[in-house]
Amino acid sequence: MKKILLVEDDPDILESLKITLTLKGYQVSTLTDGQGVCEKVRTSRPDLVVMDVMMPAVDGYQACQALKSDERTKMVPVILLSARTQKTEVEMGFSAGADRYLSKPFMNDDLLDTIQSLLSKKK
Amino acid sequence: MTKILIIDDEPDIVESLEVMLTPRGYHVVTASSGGSGVGSAASEKPDIILLDVMMPGMDGFETCRRLKNSDETKNIPVLLLTALNQSDDKVKGLDAGADDFITKPFNDVELRARVRAFVRTKKLRDDLEESYRRLKELEQLRDSLTHMLVHDLKVPLTAVKGGVETVLDAMNKKENLLEPHRRLLANAKSGADKVLGLIQDILDASRMEENKLPLHKSPVDMAALARSCAAMVEPLRAQSQVALTINAGPSLPEINLDEALVGRVLVNLISNSLKFTPPGGTITVSLSYRPGEKQVECAVHDTGSGIPQEDLEKIFDKFFQRSDFQATRKGQGLGLAFCRLAVERHGGKIWAESENGKGSRFVMRFPLS
């Protein structure tokens with residue numbers, strides 16, 4: 001069973017995404033802030049990270065950058081989620097090392113397809 | 001004080017002009033050549049320039065052309081000082097961009113009247129330019145604001161859309177609906193409520209700005225109101241793992257307020273504190289009566305991250321974003337603007353205090369009558 005780490009500060013979105021991914025057969029662990037993402041990825045070794053951009057304390061850009069600049073975690077694909085879709089904001093996501101950038105609100109299938117394609121590429 | 005720059009190479013004329021103007025309260029600065037006059041105009045920013053035509057070196061026409069070609073000085077009215085009946089000079093002067101003429105010998109009453117007229121015109125022009133600049137600024141603000149609001153509205157829709165899709169999917173496949181599906185719908189509802197709340201805030205803020213929101217005042221027990229507000233934010237409070245206490249001082253008088261409106265203000269303030277207070281923190285709502293001022297005070301104090309000093313005033317502006325929360329902004333800027341409008345409509349005051357690292361305190365005071 002593939003493991004996904006879900007990082008999102010909005011409790012409604014967090015729970016709903018967790019349920020949807022769980023129903024699709026993923027094993028989902030969660031965090032509500034970018035703080036601690038690196039440690040969590042090192043210890044629980046998820047196959048993929050789905051992370052919100054706008055979070056208090058440590059935001060998605062920062063957490064993604066930290067993941068991608070650490071040898072131990074940089075192979076883990078990261079999908080950033082944000083309602084901010086201006087060119088500069090998307091570019092910030094990619095320059096932080098994100099593999100994909102999905103704009104909120106998205107279709108479940110968009111997220112699921114993106115996850116699947118990143119996981120199959122990884123193999 | 002109106003500042004006049006005199007550019008003339010003849011000391012006698014400069015002096016006679018100074019004698020006419022200085023006692024009348026004008027601040028006079030002088031330059032003895034065209035070149036130094038152009039420099040003085042840029043640095044002194046006078047309200048009006050009196051410029052001699054006949055000067056050695058750079059003459060008055062060339063000086064005038066340079067003044068009118070520079071963005072810094074082009075809006076300052078230039079009055080050319082010419083000898084009587086020099087109509088050639090007048091044409092050349094107009095072509096060089098001069099605004100008017102004064103002929104020598106000067107009649108001091110006429111001179112002052114002209115100066116007054118041009119100072120008036122300049123002020124109108126300056127005012128016009130200032131309001132144009134402000135309008136441009138507002139337009140820009142509105143644009144970035146529209147952009148931001150649209151995006152704020154999209155966020156809660158993530159839970160609505162995703163949840164409904166999953167449930168619909170399950171129903172289409174004739175799967176049994178289970179507890180997770182119920183949770184998805186509950187979150188979708190909560191997301192929809194958030195969108196509605198945002199829209200309500202936008203509508204209220206603009207209606208209140210136009211003074212179209214009528215107040216429905218009645219005697220209100222603030223302590224009871226605070227308790228009912230606390231009950232409304234209870235789910236959010238539990239999620240945030242922050243303690244919330246209400247301290248009501250003794251002999252708190254009832255006060256005439258629009259209970260629903262002030263209730264929304266208080267909910268807004270508490271929710272705001274919840275957003276910025278880490279788990280384990282405390283939020284205290286304190287109510288007290290200030291007999292001296294005959295005011296009831298309601299303060300919301302949290303142990304959160306606090307507010308940078310430079311932002312304390314600005315957070316009540318419409319659509320303000322905290323300087324330290326550019327990318328990770330959680331609240332939208334409308335909540336506090338709404339609070340201020342609502343409190344001010346009651347003749348009250350609202351402000352924020354914060355000490356670095358010690359959380360923030362939002363204080364409202366309402367007059368008793």
- [ ] Look at the aromatic rings of A:Tyr101 and A:Phe94 and report parallel, tilted or perpendicular, splitting at 30° and 60°.
- [x]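 Because their plane-to-plane angle lies in the 30° to 60° range, the rings of A:Tyr101 and A:Phe94 count as tilted.
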Could you tell me which portion of [X] (side chain, backbone, both or neither) has an atom closer than 4.5 angstrom to a non-hydrogen atom of chain B?
X	answer
A:Lys18	neither
A:Leu14	neither
A:Thr22	neither
A:Asn108	both

Task: Presence of salt bridge, A:Glu89 and A:Lys104, under 4.0 angstrom - done: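 Not counted as a salt bridge, because no side-chain N and carboxylate O are separated by less than 4.0 Å.
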TODO: Ignoring hydrogens and angles, state whether a donor on the side chain of A:Thr20 or B:Thr166 is under 3.5 Å from an acceptor on the partner side chain.
DONE: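 The answer is yes; a qualifying pair exists.
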Open item on the list: Counting only heavy atoms from other residues, nucleotides and ligands, does the tally under 6.0 Å from NZ of B:Lys358 exceed 12?
Closed with: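 No, because the 6.0 Å sphere around NZ of B:Lys358 holds 12 heavy atoms or fewer from other groups.
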